[in-house]
Amino acid sequence: MVKSLIKSDFMKLKKSRSLIICCIVAVCLGAVMALLYVNAWNTMGENIENARELMMQMGIDGETIDSAFSVLPEPYFWSYANIMLSDGSIPTFAAICAGVFIASEYSMGTIKNTISRGFSRTKIYVSKLMVSCVTIIILGIAYVIGTMAVCAIFVRGGSEISAVQMLLSVLSYIFLFAAMASVYLMIAVIMKKTGVAIAVSIVIPAVISSIITIITYSNNEFSQVAKYWLFNTPSFVEKMCIDGQAYIPLLISVFYFAVSTAVGLTVFKRQEIK
Amino acid sequence: MEYVLKTENLTKEYSHNRVVDEISLVVKQGDIYGFVGKNGAGKTTFIRLILGLANTTSGSFSLFDGENIFKARRRIGSLVESPALYNNMSAKDNLNMYCAMLGIDNKKVDEILSTVGLKDTGKKKVRDFSLGMKQRLGIGMALVGNPDFLMLDEPINGLDPTGIVEIRELLIKLKEYGKTIFISSHYLGELEKIATVYGIISKGKLIEEITAQELSKKCGKRTVIKTDNAEKAKKIVTSLLKTNNVAVGADGSLYVRENIKDIGVITNELFKSGIVVSEISNEENSAEDYFIKKMEEN
């Protein structure tokens, strides 16, 4: 029974215009962002050392200088892919798709067709969760494809990190995105209205991220908090993998995935469907 | 099978307001159960409880002689309020998708489209459908999987007169195939043409359950004669009309369960026998009148 539910959910996803539009926008945006970084690197790349020296002469500490230059990816394929995966665009697209795909089931009333035909709510939720996870991964791939298309022309291959570290990073991103998909599904199930679900999915994580950033900068005691907030964790993935802490993003993903699924499922099971 | 649906004191409260109030009813196999009530009487909520779209406050219900509730619901086709459809898909895609969800073959999709009069809609998206077309597709969705029991909430809303006739004929045909149908409708006249049992609901309470036969007895044509001697008049009228359908009512009036064509003859004969006739009239009471009267009483 779950198999047939998943099959029909994927049929809906295939017919979903919002996914196609988001994928096209993701490819284009990925390409544009990559072009911007390539251009920035070309402009500044050769003068980075001079800039570093200048900043040090101005009395700026080394950590701040490194942080300023970390925005620019190293001129390798992987560096570009990594910065794209962590820049927050993919979750935004996923939030839109989840809002349209899940919450519209409520607004169109189609969720009642599924429930009234004897499918348990747990199975329905699991099916939607799987589709949401696949959706965010598709969007991630689309975004990286756009980036890679530009990189293929302007950037040399290879990477500064090892193949294992790269693989761990990719796996971490997949887990983190799956956890985000779970959070978006939970929000869509609670909100039930497409527009509200999309707005909440985009605004709330952004607001919390901003608050955490402010706290982090204002108080050193909380400097580590940022990396435990799901929507900030991607920025730390590569460093964690290099430092042999690949388990941290994995644990963070599992935690958010479990909590959001538990909350979403509990709400869904008690919900009255109109 | 003893019953298809059985409820026992089924109750639903919203903020201490009883929308469904201890409803106990039985829908037997092969019935077309007409669920009659005003707007807000609790008809839709009752259907939503059975389909698992809302949670019961108290009471219980069982389907198909107590079969597992999830399995039993697989045997129910439903249409609740407005039809729930994917607007970005065609009628056929909606049905195909529904077949996929139920894990059944989509061979009968064309047949269903033809049955509900939508076989010529082609690739037209549901968003471009009229209200009546959406309603037809909603009924088509309920028919997917050849369910044994149909729960239809206002199925002829938005349909044109031809559509209403077609749906009525379809429901009668489905009954002939042994399907059980639970149908709520405001169109009492339409319901009267197909239902075999009626449940009248008012303010969440089931106020009466009545079979179509009982209803016709209660509602048929009649003649009311008011005299100064009802018992004597009864004998004369019975003898003149050669019928047993004559009774003296609690109010002392004489009731004949048919319309008398020659009122003058009867009046004359009663007068000759020394009976004073103060009033004589032919009355016709439709099922619609009966339902309205019942609902207003409560």
Side-chain angles (χ1 to χ4, degrees), chain A residues 1-22 96-97 99-128 130-131 189 192-194 265-274, chain B residues 12 14 19 44-45 47-57 63-64 67-90 93-106 125-127 134 138 141-142 144-145 147 149-151 153:
Chain A
M1 261 172 88
V2 185
K3 203 177 156 189
S4 61
L5 257 182
I6 295 168
K7 189 183 167 190
S8 76
D9 272 339
F10 276 106
M11 273 178 79
K12 285 176 224 163
L13 185 67
K14 205 175 145 190
K15 297 259 178 192
S16 166
R17 197 184 280 180
S18 63
L19 177 67
I20 296 165
I21 292 170
C22 279
I96 295 168
C97 282
V100 173
F101 188 71
I102 311 293
S104 65
E105 291 261 14
Y106 288 93
S107 50
M108 289 193 286
T110 43
I111 192 86
K112 68 186 175 192
N113 289 345
T114 319
I115 295 170
S116 65
R117 278 293 179 122
F119 291 96
S120 81
R121 295 200 184 198
T122 307
K123 286 175 183 170
I124 296 170
Y125 196 89
V126 168
S127 172
K128 303 273 179 234
M130 285 184 70
V131 174
V189 163
K192 295 198 278 189
K193 285 183 180 165
T194 311
L265 188 56
T266 308
V267 171
F268 186 56
K269 276 179 146 182
R270 293 174 171 202
Q271 217 163 41
E272 304 243 327
I273 310 294
K274 296 212 169 170
Chain B
K12 177 67 185 174
Y14 287 111
V19 183
T44 303
T45 307
I47 292 174
R48 288 176 60 235
L49 290 173
I50 305 301
L51 296 173
L53 302 173
N55 305 314
T56 56
T57 304
L63 293 155
F64 301 105
E67 191 177 326
N68 170 283
I69 200 73
F70 291 109
K71 279 186 184 173
R73 283 193 184 124
R74 294 297 297 267
R75 296 169 66 186
I76 304 177
S78 61
L79 172 67
V80 187
E81 292 178 310
S82 53
L85 308 162
Y86 294 100
N87 293 325
N88 59 327
M89 295 185 198
S90 65
D93 282 344
N94 264 281
L95 291 171
N96 279 335
M97 208 277 308
Y98 207 44
C99 286
M101 187 186 82
L102 295 173
I104 55 172
D105 202 21
N106 61 356
K125 304 278 186 214
V126 168
R127 76 169 77 92
K134 285 182 182 172
M141 298 278 274
V144 169
F149 184 31
L150 286 167
M151 291 197 92
D153 184 20

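Proteins get letters first, then strands, A, B, ... in listed order; numbering begins at 1 in each. Since we're looking at a predicted model, the values are computed, not measured.
- With a 4.5 Å cut-off on non-hydrogen atoms, B:Met89 touches chain A through its side chain but not through its backbone.
- Looking at A:Thr114, both its backbone and its side chain come within 4.5 Å of chain B, counting heavy atoms on both sides.
- Inspection of the B:Tyr86 and A:Lys15 side chains reveals no N or O donor paired with an N or O acceptor under 3.5 Å.
- Atom OG of residue A:Ser116 and atom CD1 of residue B:Ile47 lie 11.5 Å apart, to the nearest 0.5 angstrom.
- Side-chain atoms of A:Glu272 and B:Asn55, non-hydrogen and from C-beta on, do get closer than 4.5 Å to each other.
- With contacts defined as side-chain heavy-atom distances shorter than 4.5 Å, the pair B:Arg73/A:Phe119 does not qualify.
- Crowding of A:Met130 atom CE: a count of heavy atoms from other residues, nucleotides or ligands under 6.0 Å not exceeding 12.
- In this structure, CG in B:Leu53 is found 10.0 Å from CD1 in A:Ile111, a value given to the nearest 0.5 Å.
- Heavy atoms closer than 4.5 Å to chain B are found in the side chain of A:Glu105, but not in its backbone.
- Note on A:Met108, A:Arg270, A:Lys274, A:Arg121: by heavy-atom pairs under 4.5 Å with chain B, the leading option is A:Met108.
- No side-chain heavy atom of A:Lys112 sits less than 4.5 Å from a side-chain heavy atom of B:Ser78.
- Residue B:Met151: no heavy atom, backbone or side chain, is found under 4.5 Å from chain A.
- You'll find the side chain of A:Arg117 reaches within 4.5 Å of the side chain of B:Leu102, heavy atoms only.
- Once rounded to the nearest 0.5 Å, the distance linking CE of B:Met101 with CD1 of A:Ile6 reads 13.5 Å.
- Note on B:Asp93, B:Asn96, B:Ile69, B:Asn88: by heavy-atom pairs under 4.5 Å with chain A, the leading option is B:Asp93.
- For B:Ala142, the part sitting under 4.5 Å from any heavy atom of chain A is the backbone (N, CA, C, O) and nothing else.
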